[in-house]
Amino acid sequence: MMKAIFPVILCAPLLLSACAKKPPPRPVDNDRFVTNIKASGAKIFRFTLVTAPAKKADKKGNGQRGQGRGNPEQHALKNAANNSGQSDHYRKKLDKLYSRLEQKLAETQYCREGFIEIDTYEAPQHIYLLGECNESATEQDIQNFANTYRDD
């Protein structure tokens with residue numbers, strides 16, 4: 001009797017663990033594209049890209065407080081030298097933002113004739129671009145795109 005139960009006891013944890021396995025997590029979509037078609041037909045959008053958290057070195061100040069005296073040109077050169085690493089990092093984020101935005105606009109056909117960049121700004125772990133399409137909305141655009149972005 002004991003010999004018959006022993007294989008069942010050995011196999012039970014294996015079978016139970018196979019059933020308990022969770023499916024792999026779905027990839028996180030780091031893009032957010034929201035639209036707003038105005039009554040005038042203007043097509044506005046905001047594109048958001050989630051970015052990596054800033055490194056500790058990026059959070060430090062640049063040590064420019066209390067430098068109100070001296071040659072302003074010298075301070076500008078020093079600021080440029082201190083911020084060159086940060087500007088390269090920011091440039092990479094912007095390049096990624098523009099690349100992903102181009103993909104999204106090609107996929108959705110929201111701005112078929114290009115767009116005007118109204119504003120680009122960065123917040124912790126996000127970079128945003130606010131834009132307006134060069135063309136006015138058609139009836140098809142109004143039907144296809146919900147007003148998911150409000151600027152009031």
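As the structure is a computational prediction, the values presented were derived from the model and not from experiment.
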Which is it for Arg112 and Asp141 under the salt bridge (charged side-chain N to carboxylate O under 4.0 Å, His left out) test, yes or no, and what are the steps along the way? CA-CA 11 Å; Arg112 294 175 296 280; Asp141 290 333; 2.9 Å; yes

Set out, in order, the CA-CA distance, both residues' side-chain angles and the distance that settles side chain to side chain contact (heavy atoms under 4.5 Å, CB included) for His126 and Thr51, then state yes or no. CA-CA 5 Å; His126 294 86; Thr51 58; 5.6 Å; no

Tyr110/Lys104 under side chain to side chain contact (heavy atoms under 4.5 Å, CB included): CA gap, chis, key distance, verdict: CA-CA 9 Å; Tyr110 187 69; Lys104 183 60 80 172; over 6 Å; no

Might you work through the side chain to side chain donor-acceptor pair (under 3.5 Å) test for Gln103 and Tyr98, ending with a clear yes or no? CA-CA 9 Å; Gln103 290 173 352; Tyr98 292 128; over 6 Å; no

After noting the C-alpha distance and the side-chain angles of Thr48 and Asp31, does the key distance pass the side chain to side chain contact (heavy atoms under 4.5 Å, CB included) rule? CA-CA 6 Å; Thr48 306; Asp31 303 341; over 6 Å; no

Starting from the C-alpha separation in whole Å, work towards a yes-or-no answer on ring pair (Phe, Tyr, Trp, His ring centres under 6.0 Å) for Phe45 and Phe145. CA-CA 11 Å; Phe45 66 90; Phe145 299 103; over 10 Å; no

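To the nearest 0.5 Å, atoms CD (Glu102) and SG (Cys111) are separated by 12.0 Å. In this structure, CZ on Phe47 lies 11.5 Å from OG1 on Thr120, to the nearest 0.5 angstrom. Atom CG of Leu101 sits about 11.5 Å away from atom CG of Leu94, to the nearest 0.5 Å.
Legend: residues meeting side chain to side chain donor-acceptor pair (under 3.5 Å) with Tyr128, ordered by chain and number and at least two apart, are absent. Partners of Asn134 according to the side chain to side chain donor-acceptor pair (under 3.5 Å) rule, which considers only residues two or more places apart in sequence or in another chain, do not exist here. Contacts of Thr108 classified as side chain to side chain donor-acceptor pair (under 3.5 Å), with partners at least two apart in sequence or in another chain: none. In this view, Asp95 and Arg91 satisfy the salt bridge (charged side-chain N to carboxylate O under 4.0 Å, His left out) rule, not counting sequence neighbours. Residues passing the side chain to side chain contact (heavy atoms under 4.5 Å, CB included) test with Glu132 are Ala42, Ile44, Ile118, sequence neighbours excluded. For Glu135, the salt bridge (charged side-chain N to carboxylate O under 4.0 Å, His left out) partners at least two apart in sequence or on another chain are Lys43.
Taking 4.0 Å as the cut-off between side-chain N and carboxylate O, Asp88 and Lys93 do not count as a salt-bridged pair.
Between Leu130 and Arg46, the closest heavy-atom pair is CD1-CB, 4.3 Å. Among all heavy-atom pairs drawn from Ala146 and Thr35, the shortest one is O-OG1, 2.5 Å.
Side-chain atoms of Asn147 come within 3.5 Å of backbone atoms of Ile37 as a donor-acceptor pair (strictly under, hydrogens ignored).
At least one side-chain heavy atom of Tyr90 sits under 4.5 Å from a side-chain heavy atom of Ile127. Put simply, the side chain of Leu105 does not reach to within 4.5 Å of the side chain of Glu107, judged on heavy atoms.
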